[in-house]
Amino acid sequence: MSGCNKVTEAGRRFFLGRSAIAAAGAAAVATAPAAPAKAAPALAQVTYPRARLANLRDLKLNEPVNIAYPDADSPGVLIKLGARVEGGIGPDGDVVAYSTLCPHKGYPMFYRTDDRTLNCPGHYSRFDCEKGGLQVWGHATQNLAQFRLSIDGDGDIQAEGVDELIYGRHSNVL
Ligand code: FES
């Protein structure tokens with residue numbers, strides 16, 4: 001065997017040796033027990049209660065009715081606005097409900113019949129009840145929590161959800 005052939009043979013053995021080690025390592029990895037997979041964090045899901053708030057017959061045009069939803073510690077108002085609005089229910093699409101806790105620091109708000117807004121005496125934030133609780137003025141940094149409503153054939157109005165976080169809560173349903 002020439003010197004050149006000896007070098008070639010040594011290189012071939014070296015290569016085959018390394019290949020065998022690599023194959024053995026791969027097989028060991030393939031047969032090793034899988035590490036337990038980390039569970040993905042669960043999505044936040046809130047199941048809202050259904051709660052009867054009033055009957056359509058109880059409502060007078062532009063006169064708020066005090067309610068509480070989704071529990072007794074979350075005050076709000078139910079209002080028949082007189083014109084179809086976003087999120088409105090009933091035959092005229094004009095019945096809405098909102099939290100009356102200001103999203104800024106939780107002051108209880110009052111309703112103004114002249115411009116159909118909820119108003120905060122704390123730092124003067126104002127929210128438009130005809131526009132889904134849109135903030136129109138003030139310190140708050142989010143729109144007002146609107147309660148999702150439905151109505152049945154007898155005119156009973158039910159609350160069944162909330163579209164924003166109610167002030168002071170990590171979850172609307174405690
Ligand atoms: Fe309502 Fe500050 S608490 S604006």
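As the structure lists them, so they are numbered: ligands from 1, and atoms in each ligand from 1.
A search for ring pair (Phe, Tyr, Trp, His ring centres under 6.0 Å) contacts involving Tyr107 returns His123, not counting sequence neighbours. The salt bridge (charged side-chain N to carboxylate O under 4.0 Å, His left out) test applied to Asp71 returns Arg169, not counting sequence neighbours.
Here the protein contributes Cys102 SG, Cys120 SG as N, O or S atoms under 2.8 Å from atom 1 (Fe) of ligand 1.
Note that SG of Cys129 is 5.0 Å distant from OH of Tyr98, once rounded to the nearest 0.5 Å.
Among residues at least two apart or in separate chains, there is no side chain to side chain donor-acceptor pair (under 3.5 Å) pair with a member in residues 127-147.
Between Val96 and Gly88, the shortest heavy-atom distance links the atoms CG1-CA, 3.9 Å.
Using modelled atom types and a 3.5 Å distance limit, the side chains of Asn119 and Arg126 yield a donor-acceptor pair.
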